[in-house]
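Start at 1 and go down the list; that is how both ligands and their atoms are numbered.
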Amino acid sequence: MTASRPTTIADELRGAGLRVTAARVALLETVRTGDHLDVESIASGVRERVGHVSVQAVYDALHALTTAGLVRRIEPADSPARFEGRVGDNHHHVVCRSCGVVADVDCAVGEAPCLTASDDNGFSIDEAEVVYWGLCPSCATAGSS
Ligand SMILES: [Zn+2]
Ligand SMILES: [Zn+2]
């Protein structure tokens, strides 16, 4: 799937069949350098790079990039959606119940999908999503002091 690695973000956008815009390039950079950012953080990252961009434009660009598979959207229950640039490996996430910080958890087996349903009900399953919940180290420390 990544036999010939594109050299620039613009190439990647074109390769995914997307029109290249400054906002999309800035958005992909922001998501990739960030760590499971929410929409507000992404919007401010995009604005730092290319000046004012409306929130609606950020949502539109996120939608296009997510649909194209360049960005992955994760949506833990009762949390705002987060976006990340690590795609295609079906990794999982651990979420802190207290502060909402998100960290990556690699697949147990390393191949996507690493979870095989015990009964697939006749579905053709191509993805599994697991969210682990708990307390991050700093919240666990704060809670015990
Ligand atoms: Zn926490
Ligand atoms: Zn992740």
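- Angle OD1 (D104) to the Zn ion (ligand 2) to NE2 (H93): 100°, rounded to 10°.
- Annotation: angle subtended at the Zn ion (ligand 1) by C136 SG and C96 SG is 110°, to 10°.
- Around the Zn ion (ligand 1), the two atoms SG of C99 and SG of C139 are separated by an angle of 110°, to 10 degrees.
- Among the atoms of H36, an N, O or S atom falls under 2.8 Å from the Zn ion (ligand 2).
- Between V102 and I74, the closest side-chain pair of non-hydrogen atoms falls below 4.5 Å.
- Side-chain contact between V95 and V101 is absent, with no heavy-atom pair separated by less than 4.5 Å.
- Judged by distance alone, the side chain of T66 and the main-chain N or O of L62 form a donor-acceptor pair under 3.5 Å.
- Salt-bridge formation is not detected for the pair D60/R24: no Lys NZ or Arg NE/NH1/NH2 atom is positioned less than 4.0 Å from an Asp or Glu carboxylate oxygen.
- Between the Zn ion (ligand 2) and the N, O or S atoms of E84, the shortest distance is to OE1.
- H36 and D104 share a donor-acceptor pair across their side chains, judged by distance under 3.5 Å alone.
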